[in-house]
Amino acid sequence: MSAHTIAIIGAGSVGSTIAHTLLLRRVVGDLILVDIDDKLCRAQVDDLSDGTFLANVRIRQGTLADARRAEITIITAGAKQRPGDTRLDLIDRNFKVLKSVLDGMKPFREDAVLLLVANPVDVLTAMAQRISGLPKNQVLGSGTLLDSVRLTRVLAHKLKIADRSVQATVIGEHGDSQCVAWSATTVAGQHLSNVLLLSPEERFEIAELTRNKAGAIIAAKGFTSFGVAAATTTLCESIIFDQRQVLPERGSRDGAVSTGGRGEDSVGKFGKKY
Ligand SMILES: NC(=O)C1=CN([C@@H]2O[C@H](COP(=O)(O)OP(=O)(O)OC[C@H]3O[C@@H](n4cnc5c(N)ncnc54)[C@H](O)[C@@H]3O)[C@@H](O)[C@H]2O)C=CC1
Ligand SMILES: CC(=O)C(=O)O
């Protein structure tokens, strides 16, 4: 059983799916869920606890003060987009939620890691870095990791190969201004252009599919949760198991983070350590 403690603030669709994914992947031993909706939170804990026999995880409802004890606090609390909304439309509402969550958690443990997921995630990550007073490299956002996964899937599908044989990154905002790093896209070590010739129109179409995937899912089912849960779990695994992966992220100036090497400046100019 993992001895690690993770708190999730916001036990709605995204928070509960992250909890379930963390549980299944055995990343965490002690999981704390916090939500202003007391009844919902209790029900999510009860429902999730029916699955804990798979992984021997302790899961409980907590307060912001309990979350303070966690090594990683994942923040999903806040409004979600309605069909047609952009992520940036959420800024006013979700900034207020973020501020109240961070104020309620203070003082932070010195080595606390905050992992932002609520949207607009990049803006909220930058705000959390300022408001929390924690070192910047301890306040991360899921950034464009999910977009990069979506892009990778589109390319792998076109090439009829496994996702993990494609290395593709979306940079910039987890939002409408995102951008595909075509020049850095490789397939098993080969530059993409050596294995798949794409016209500018085809590139545009792939970038649009990637950019618009969330909106299409939200229009049909009201929210997205599985992809972001997998991305967030990947970040937590990397941090907890010191995997030293370099992943797309938007909390850092460089747009990339190494999730390992705590206490050792091992990352260099492309990432940051914590
Ligand atoms: N970064 C990413 O890739 C993704 C981000 N998101 C974002 O995640 C956020 C959550 O989405 P959902 O879970 O679908 O929404 P949801 O409405 O299902 O859940 C949000 C939860 O936050 C709670 N909450 C609100 N204010 C709170 C506070 N002050 N303290 C504690 N809890 C509070 C609500 O009671 C609710 O249960 C949204 O902003 C959404 O846009 C969603 C998918 C992907
Ligand atoms: C909702 C959202 O941000 C996403 O699925 O990308």
Side-chain angles (χ1 to χ4, degrees), residues 7-21 32-45 47-48 61-67 73-105 114-128 131 140-151 153 170 172-178 209-235 247-251:
I8 301 176
I9 318 293
S13 308
V14 172
S16 59
T17 312
I18 292 172
H20 191 229
T21 312
I32 304 168
L33 259 59
V34 183
D35 200 293
I36 38 161
D37 186 335
D38 185 63
K39 198 170 148 199
L40 170 80
C41 193
R42 199 165 337 113
Q44 296 284 35
V45 167
D47 196 9
L48 282 158
Q61 184 174 4
T63 61
L64 291 173
D66 297 325
T73 298
I74 300 166
I75 303 178
T76 77
K80 60 181 150 203
Q81 294 156 265
R82 286 163 304 210
D85 283 348
T86 69
R87 296 171 179 89
L88 288 172
D89 291 334
L90 304 171
I91 184 66
D92 290 340
R93 276 174 289 167
N94 287 354
F95 173 67
K96 285 189 194 119
V97 172
L98 175 66
K99 176 95 175 54
S100 76
V101 166
L102 296 180
D103 287 346
M105 283 184 68
L114 301 182
L115 180 44
L116 270 292
V117 174
N119 274 318
V121 68
D122 309 307
V123 183
L124 293 183
T125 303
M127 287 173 166
I131 300 168
L140 316 175
S142 56
T144 50
L145 180 53
L146 176 55
D147 311 280
S148 302
V149 169
R150 288 171 174 154
L151 170 66
R153 269 204 74 64
V170 172
E173 184 203 0
H174 173 63
D176 295 342
S177 71
Q178 65 182 233
L209 258 181
T210 306
R211 187 196 323 276
N212 296 330
K213 184 149 188 203
I217 299 170
I218 290 168
K221 67 172 252 192
F223 62 92
T224 65
S225 62
F226 294 116
V228 69
T232 307
T233 299
T234 297
L235 283 162
L247 298 163
E249 186 263 352
R250 213 35 211 166

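Keep in mind that the numbers below use all heavy atoms, side chains included, and drop hydrogens, waters and symmetry copies. In each ligand, atom 1 is the first atom listed, and ligand 1 is the first ligand listed. Keep in mind that this is a model prediction, so the values were computed, not measured.
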For [atom], what is the nearest protein heavy atom, given as residue, atom name and distance?
atom                    : value
atom 3 (O) of ligand 1  : His174 NE2, 3.1 Å
atom 5 (O) of ligand 2  : Thr224 OG1, 2.6 Å
atom 14 (O) of ligand 1 : Lys80 CD, 3.3 Å
atom 6 (N) of ligand 1  : Asn119 ND2, 3.4 Å
atom 19 (O) of ligand 1 : Gly12 CA, 3.3 Å
atom 31 (C) of ligand 1 : Ile36 N, 3.4 Å
atom 43 (C) of ligand 1 : Thr224 OG1, 3.2 Å
atom 9 (C) of ligand 1  : Thr76 O, 3.4 Å
atom 20 (C) of ligand 1 : Gly78 O, 3.4 Å

**Item:** Closest to atom 34 (C) of ligand 1 (judged by heavy-atom distance), picking from Asp147, Ile217, Asp35, Leu146
**Value:** Asp35
**Option set Arg150, Lys80, Gln178, His174, criterion heavy-atom distance to atom 3 (O) of ligand 2, minimum** = His174
Looking only at distances, can you tell me whether any N or O atom of [X], backbone or side chain, sits closer than 3.5 Å to an N or O atom of ligand 1?
X      : result
Ala79  : yes
Val117 : yes
Val14  : yes
Gln81  : no

**Fill in**
At under 4.0 Å between heavy atoms, what of Ser13 touches ligand 1? The answer is both
**Asked** Which bit of Ser100 is near ligand 1, meaning a heavy atom under 4.0 Å away: side chain, backbone, both or neither?
**Response** side chain
**Asked** For the side-chain contact (heavy atoms from CB on, under 4.5 Å) test, which of Val121, Leu116, Val123, Val117 pairs with Asn119?
**Response** Val121
Is ligand 2 under 4.0 Å from a heavy atom in the side chain of [X], in the backbone, in both, or in neither?
X      : result
Ile217 : neither
Arg87  : side chain
Val121 : neither

**Message:** Show me which atoms of ligand 1 lie under 4.0 Å from any heavy atom of Leu40.
**Reply:** 37 (O)
**Message:** As an exercise, identify every atom of ligand 1 less than 4.0 angstrom from a heavy atom of Asn94.
**Reply:** 39 (O)
**Complete:** Distance col, row Leu124:CG vs Lys99:NZ, nearest 0.5 angstrom, shows 13.5 Å
**Contacts of type side chain to side chain contact (heavy atoms under 4.5 Å, CB included), residue Phe226, not counting sequence neighbours** = Thr17, Lys221
**Asked** Side-chain contact, heavy-atom cut-off 4.5 Å: Ile75 with Leu102?
**Response** yes
**Prompt:** Can you find a heavy atom in the side chain of Ile218 that is under 4.5 Å from one in the side chain of Thr224?
**Reply:** yes
**Prompt:** Are any of the side-chain nitrogens in Asp38 or Arg42 under 4.0 Å away from the carboxylate oxygens of its partner?
**Reply:** yes
